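Treat the numbers as computed from the prediction; the structure is a model and nothing was measured. Letters go in sequence order (proteins before strands), and every chain restarts at 1.
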Protein chains: 2
Amino acid sequence: MQYTETEEKIFSSALEAFAVHGKDGARMQDIANKAGINKALVHYYFRSKERLYEAVVTYVVERYIRNLSDSLQSETNFKQFLRSFITNYIDVLALNPLLPKFLIREIAAGAPIFKKKMEAMIRSSKGSMIQTYYKHFQEGIDQGEVRPLDPSQTFITIIGSCIFFFLAHPMFALLNPHIEKRFAKFTDERKSHLFDILYYGLQPRPELQK
Amino acid sequence: MQYTETEEKIFSSALEAFAVHGKDGARMQDIANKAGINKALVHYYFRSKERLYEAVVTYVVERYIRNLSDSLQSETNFKQFLRSFITNYIDVLALNPLLPKFLIREIAAGAPIFKKKMEAMIRSSKGSMIQTYYKHFQEGIDQGEVRPLDPSQTFITIIGSCIFFFLAHPMFALLNPHIEKRFAKFTDERKSHLFDILYYGLQPRPELQK
DNA sequence: GTCTATATCTCGATAGAC
DNA sequence: GTCTATCGAGATATAGAC
């Protein structure tokens, strides 16, 4: 799917407006202004606010999530997969801070559109990232590298501990201002922090712990 | 702070409306209907939608977050603190599924109100949950129970891995329908899952892992 | 405190010229 | 495709009776 320059401008303005103000709080006038065009033109392209919103969800899934998913196909074992997943995921979120805000609002609303798009994406890609994850996880268990845990529980934990920081960092800066002042550094440190906790938290434990 | 019966009814209707539809998507008419009163009465009590919204944020902080915080004061070491934190937190979220939706929308908007209330709460409580956390975490390090990690990073990871599931479970049900069909069971299992991963992920590692 | 009725206004959407 | 001008729905908020 290829978009015209004007469409791209509308998408990025709309993504920002929806992320910051929510679907209902966003104003078509603001979206048009930020895109440098007239409000009527936004309607000309997308007919209604609802359709524009749906188009933005699709845009986000196709542009960001599919890429993320594809980038993980080549990993060969669980340890590598986990490290790449965390690194790539955090890089994408750090570069596109509007993404998690936008998506979490859709999810809080029950994810009516996002769910459909993700279902389609999972079905369409021959081997989606999720299947790759399950495969490597099971291999890890078989080879004694990972404890026999519920892979769904683990998947949620991995994703959540990556994303949540980008949603809530303004809150956490209340306890540690360093988080905002040296955001890039803290974000980078987050990669190894998460890998260490998760990878070693998943490893089998010879019964030496109290 | 004590509220009248009518105020309580308005709060719970408003919390639901704001959580499901967002601040701008929520309708004063719906809030009044669900509370079983007239729309004008909502304005009589709270003057405007904006003020009602602020009051709901305050209500949530006072009613839910402060309690959660207080319940952790009595724990005596890091291991116990971590286990109680995860258990209590997940219990509260499971019982009040609107809370995370409501709060995450406020946070996505930059948390203008929530931040202020939390600052006040942290200042006011003699020993807040957060201070208790830092104390136990440092003790854990001193006693060789925990690796010398950044406590802020760890705090974010703990909170995020608890909350995120409650925000995103409708999405994860796409890969494992069991999550929705046996929600209570999955939620309960989540407690030990998280404790195991986090506690053992934080432990020192005698260099026997590959 | 609680209601009905109404004022006011914002915003999504369209008509129609260019 | 792009603009100006405008309509009309629907929402917040208030006035005023009880």
Engineer: For D/dT2, take OP1 and OP2 only and decide whether either is under 4.0 Å from a side-chain N or O of A/Y45.
Structural biologist: yes

Engineer: Measuring from the side chain of A/R27 (C-beta onward, heavy atoms only), which nucleotide among D/dT2, C/dT4, C/dC11 has the closest atom?
Structural biologist: C/dC11

Engineer: Which whole-number value in Å describes the distance from A/L52 CG to C/dG12 P?
Structural biologist: 11 Å

Engineer: Figure out the CE/C1' separation between B/M28 and D/dA11, and round it to whole Å.
Structural biologist: 10 Å

Engineer: Do A/Y199 and A/E145 pass the side-chain hydrogen bond (donor to acceptor under 3.5 Å, both in side chains) test, and can you show the C-alpha distance, the side-chain angles, and the key distance before you say yes or no?
Structural biologist: CA-CA 9 Å; A/Y199 185 67; A/E145 193 185 358; 2.5 Å; yes

Engineer: Are side-chain N/O atoms of B/S152 and A/H178 paired as donor and acceptor at under 3.5 Å?
Structural biologist: no

Engineer: Of the candidate nucleotides D/dA13, D/dT14, D/dT2, which contains the atom at the shortest distance from the side chain of B/K39?
Structural biologist: D/dA13

Engineer: Side chain of A/H43: nearest nucleotide among D/dT2, C/dA13, D/dT12?
Structural biologist: C/dA13

Engineer: Which whole-number value in Å describes the distance from B/N33 CG to D/dG10 C1'?
Structural biologist: 15 Å

Engineer: Quick one: do the B/E106 and B/Y53 side chains pair a donor with an acceptor below 3.5 Å?
Structural biologist: yes

Engineer: Rounded to whole angstroms, how far apart are CG on B/N38 and C1' on D/dA15?
Structural biologist: 13 Å

Engineer: Over how many whole Å does the gap from A/Y44 atom OH to D/dA5 atom P extend?
Structural biologist: 21 Å

Engineer: Separation of B/Y3 atom OH from C/dG1 atom C1', in whole Å?
Structural biologist: 20 Å

Engineer: Have a look at B/A26 and say if it touches a base, only the backbone sugar-phosphate, or nothing, with a 4.0 Å heavy-atom cut-off.
Structural biologist: sugar-phosphate

Engineer: Would you call the rings of A/F155 and B/F172 parallel, tilted or perpendicular, taking 30° and 60° as the class edges?
Structural biologist: perpendicular

Engineer: B/A40 side chain: which of D/dC3, D/dT14, C/dA13 is closest?
Structural biologist: D/dT14

Engineer: Between P on D/dT12 and CG on A/D24, what's the gap in Å once rounded to a whole number?
Structural biologist: 11 Å

Engineer: In this structure, how many angstroms lie between the P atom of D/dT12 and the OH atom of B/Y53, rounded?
Structural biologist: 15 Å

Engineer: Out of C/dG1, C/dT14, D/dT12, which has the shortest distance to the side chain of A/R47?
Structural biologist: C/dT14

Engineer: Tell me whether the rings of A/Y3 and A/F11 are parallel (<30°), tilted (30 to 60°) or perpendicular (>60°).
Structural biologist: perpendicular

